[in-house]
There are 2 protein chains.
Amino acid sequence: MSRGASRATGRPTLVELARIAGVSPITASRAMRGVPSVDPELARRVHEAAAEIDYVANTAARTLASSYSDSVVVLIPSLSNLLFIDTLEAIHAVMHGRGLEVLIGNFHYAGEAEHSLLRNYLAYQPRGLILTGLSQMPATRRLIARSRIPAVHMMDLAPGTEQHCVGFSQADAGAAAARHLAERGRSRLAYVAAQLDPRTIERGEGFQRAAQADLGLAAPVVLTDEQPSSVALGGHFLARLVEEHPEVDGVFFNNDDLAQGALFEAQRRGIAIPSRMSMIGFNDLPLSAHMVPRLTSIRTPRARIGETAARHLLRLIDGESVSSCRLDLGFELMVRESS
Amino acid sequence: MSRGASRATGRPTLVELARIAGVSPITASRAMRGVPSVDPELARRVHEAAAEIDYVANTAARTLASSYSDSVVVLIPSLSNLLFIDTLEAIHAVMHGRGLEVLIGNFHYAGEAEHSLLRNYLAYQPRGLILTGLSQMPATRRLIARSRIPAVHMMDLAPGTEQHCVGFSQADAGAAAARHLAERGRSRLAYVAAQLDPRTIERGEGFQRAAQADLGLAAPVVLTDEQPSSVALGGHFLARLVEEHPEVDGVFFNNDDLAQGALFEAQRRGIAIPSRMSMIGFNDLPLSAHMVPRLTSIRTPRARIGETAARHLLRLIDGESVSSCRLDLGFELMVRESS
DNA sequence: CTGAAAGCGCTTACAG
DNA sequence: CTGAAAGCGCTTACAG
């Protein structure tokens, strides 16, 4: 269990490992990296010695010498939304299987923060980048292009872009919500949204376009707030809806937590859902299926988006020629009791 | 906007920065790090050049040369519990203010995973560690001790330990739940828990001890499941409670999502809450205050735990002599309609 | 206040 | 299959 003197870092070095294993440092290095040319017996001795002294190669030295790190960077706008947690977990599972560390950056829906996070993380020489959405600032776009590090964008799809993207059409999801409400016989629709990020806005536009142009309905009532989405805010929105727009009979909530809060507030006020008003949420958070009434929602394939984005990025990192750069994973309408 | 030739990494180096600024590399290095001895005029030129070529020091080289990284490691058991998200955000805010990157490791409630995460992250030479709970495996404890990197444990408090910990007494929180139910006139209590991590177990023990020894009640019914806590599971628990233990009139749910699911299931079955049964949850998740009926819960100071743990760690990193190594931040009983 | 030398702990070519 | 040399891009002492 004891070990020889170590560096300032207090951790054993490759030289010490090599001495204990009785090989040269370069052979120890190769054995640790699993280079196949190493004699199996020597490799065995190296691994044994490594286990004994608990050797793990210094990341900084390895990265500096090889100019390759074992990390990928994932930039997301929020950690408080389960949407991104599920995505992150899926990315992590794939990357971990390849021995890659995932560096998580939360830019709190602020383009400037996204830019400076990326600047800082680029100093780690990540092997790849996974970004949220397609609306990075021009300066951020330039930073990515100049870094020549492969990047995959998730959650949204660009029509005719060279960017690699994995997600679904936000506008189509909005349109599907409008169509569903119309099928339920609703004609006075409302769109309720907080946290007005680009994807929220696209969904809202898809919803309104479908309601008017495709379904021939009156222009939907639109209630928005720049605050982050929350259950509390959903309750306030329902109150406003009932008081200011009593004609509304079908509502699309931009995120399930808003719909959940609205459902609670409706129950409190004795407003019958869905008979008085149909409600549909977005993302299909785990709680939604259990509410009373159970919330109709649009399920987003967040884990699959993460997994697919990660796999796609690995192919880019490996230099494989990737056929498609635009992967549409769709979404699923979960019809339940609230609509 | 154009810049000179660069290294294999494609990024500008200190040497290039120095040449553009017309100073020696070492002066450029000092200027970038804000070393005060540098002539202001030279520093200005360096910063101007850095902005021009978008220079950010190579992390690997800096870490290797100085044996100091700009990172701290935070190990948490789950990302799917808002508890840890809030804590993480608070840690991040403090560390970011000090220019430190937060490396997040999720060990999914598995001690082995915690160990190997730590092993890997130690290779990054973090300045400090923040760990969840106090029950790391012995091997993990040794790894931490040998690394000589300052560590702070959060969420739980050890009675007579040398470890730095920031949190509250889980057993006391359990006892507070029992006391509250007894004050509500409840005498046939139940403890319902999933995800049996050490803190959950401590809370359960505190609850049972208080119920029997302090309050003189019958031994509580205990329903547990090793699965992760979820709303769906809460519903199942309520069904079991009603069918198998109809005498129970007061329930402590180990986490709010269980209580939320139970509340929905009770509503669905027409079981009146709280008249037929008092319910209290744990953590006080944002949705709980909005339910019908509003859920009584124990609010944990998760953001403050994160912030306090981070500040405490910074003091340890700075080598300040820290008086107390055990910071009790308490908890708060939020009495609402469900109890 | 500034700089030349040495070195952090690895890996990459290049020989053998 | 193995190794000696050089170097990755910085910072740390040490001089001046």
Side-chain angles (χ1 to χ4, degrees), chain A residues 3-46 50 53-71 120 122-125 127, chain B residues 3-46 50 53-71 120 122-125 127:
Chain A
R3 62 214 51 78
S6 299
R7 277 283 149 289
T9 68
R11 306 176 57 240
T13 67
L14 188 65
V15 169
E16 288 160 25
L17 174 68
R19 196 180 43 221
I20 293 172
V23 300
S24 72
I26 189 65
T27 296
S29 168
R30 286 200 265 248
M32 289 306 290
R33 281 177 290 141
V35 174
S37 68
V38 176
D39 179 285
E41 164 59 15
L42 294 188
R44 198 191 53 71
R45 268 156 55 193
V46 170
I53 63 173
D54 219 351
Y55 174 80
V56 181
N58 181 313
T59 306
R62 167 174 285 189
T63 300
L64 183 57
S66 68
S67 77
Y68 280 121
S69 77
D70 286 331
S71 64
N120 287 337
L122 250 22
Y124 283 77
Q125 294 175 223
R127 304 286 292 264
Chain B
R3 61 213 54 76
S6 299
R7 278 282 149 289
T9 67
R11 305 176 56 242
T13 68
L14 188 65
V15 169
E16 288 160 23
L17 174 68
R19 195 181 42 220
I20 293 172
V23 300
S24 72
I26 189 64
T27 296
S29 168
R30 284 200 266 250
M32 288 308 288
R33 280 177 292 141
V35 174
S37 69
V38 177
D39 180 285
E41 164 59 14
L42 294 188
R44 198 190 53 70
R45 266 157 53 193
V46 171
I53 64 172
D54 218 350
Y55 174 81
V56 180
N58 181 314
T59 307
R62 166 174 285 188
T63 300
L64 182 58
S66 68
S67 77
Y68 280 120
S69 77
D70 286 332
S71 63
N120 286 337
L122 249 23
Y124 283 77
Q125 296 176 220
R127 303 287 293 262

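Chain naming here is simple, since letters A, B, ... match the order of the sequence lines and numbering starts at 1 in each. Computation of the quantities below employed the complete heavy-atom set of this structure, encompassing side-chain atoms and omitting hydrogens, waters and symmetry-equivalent molecules.
- A straight line from CD of B:Glu16 to P of D:dC8 spans 11 Å, rounded to a whole angstrom.
- To the nearest 0.5 Å, atoms CG (A:Asn120) and OH (A:Tyr124) are separated by 8.0 Å.
- Between the P atom of D:dC14 and the CD1 atom of B:Ile26 lies a distance of 14 Å, rounded to the nearest Å.
- Interatomic distance, CZ of A:Arg127 versus OG1 of A:Thr63, reported as 10.0 Å (0.5 Å rounding).
- Between B:Ala21 and B:Val46, the shortest heavy-atom contact is CB-CA, 3.8 Å.
- As rounded to whole Å, 3 Å separates atom P of D:dC10 from atom OH of B:Tyr55.
- Here C:dC8 presents its P atom at 18 Å from CG of B:Asn58, a figure rounded to the nearest Å.
- Contacts of B:Val38 with the nucleic acid, taken as non-hydrogen atoms under 4.0 Å apart, involve only primed sugar atoms and P, OP1 or OP2.
- Taking side-chain N and O atoms only, A:Arg33 has a distance below 4.0 Å to OP1 or OP2 of C:dT11.
- Toward the 5′ end of DNA chain D lies the nearest nucleotide of A:Pro36, the other residue of the pair B:Val56 and A:Pro36 mapping further downstream.
- Counting to the nearest Å, the C1' atom of C:dA13 and the CZ atom of A:Arg30 are 10 Å from each other.
- Of the side-chain N and O atoms in B:Ser29, none sit less than 4.0 angstrom from OP1 or OP2 of D:dC10.
- In this structure, A:Arg11 contributes its side chain and A:Val56 its backbone to a donor-acceptor pair below 3.5 Å.
- For A:Ser66, no side-chain nitrogen or oxygen approaches OP1 or OP2 of C:dT11 to under 4.0 Å.
- In this entry the distance linking CD of B:Glu41 with P of C:dT2 reads 10 Å, nearest Å.
- Each of B:Ala65 and B:Thr27 was assigned the nucleotide of DNA chain C with the nearest heavy atom; the assignment lying further toward the 5' end belongs to B:Thr27.
- Counting to the nearest Å, the P atom of D:dC10 and the CD atom of B:Gln125 are 17 Å from each other.
- The nearest heavy atom of DNA chain C to B:Asp39 and to B:Leu64 marks one nucleotide each, and the one closer to the 5' end goes with B:Asp39.
- In this structure, B:Arg45 contributes its side chain and B:Gly22 its backbone to a donor-acceptor pair below 3.5 Å.
- Using a 4.0 Å cut-off, no side-chain N or O of B:Ser37 falls inside it from OP1 or OP2 of C:dC1.
- The CG atom of B:Leu17 sits 15 Å away from the C1' atom of D:dT11 (whole-angstrom rounding).
- Across all strands shown, D:dC14 forms a Watson-Crick or G-U wobble pair with C:dG3, both key distances being under 3.5 Å.
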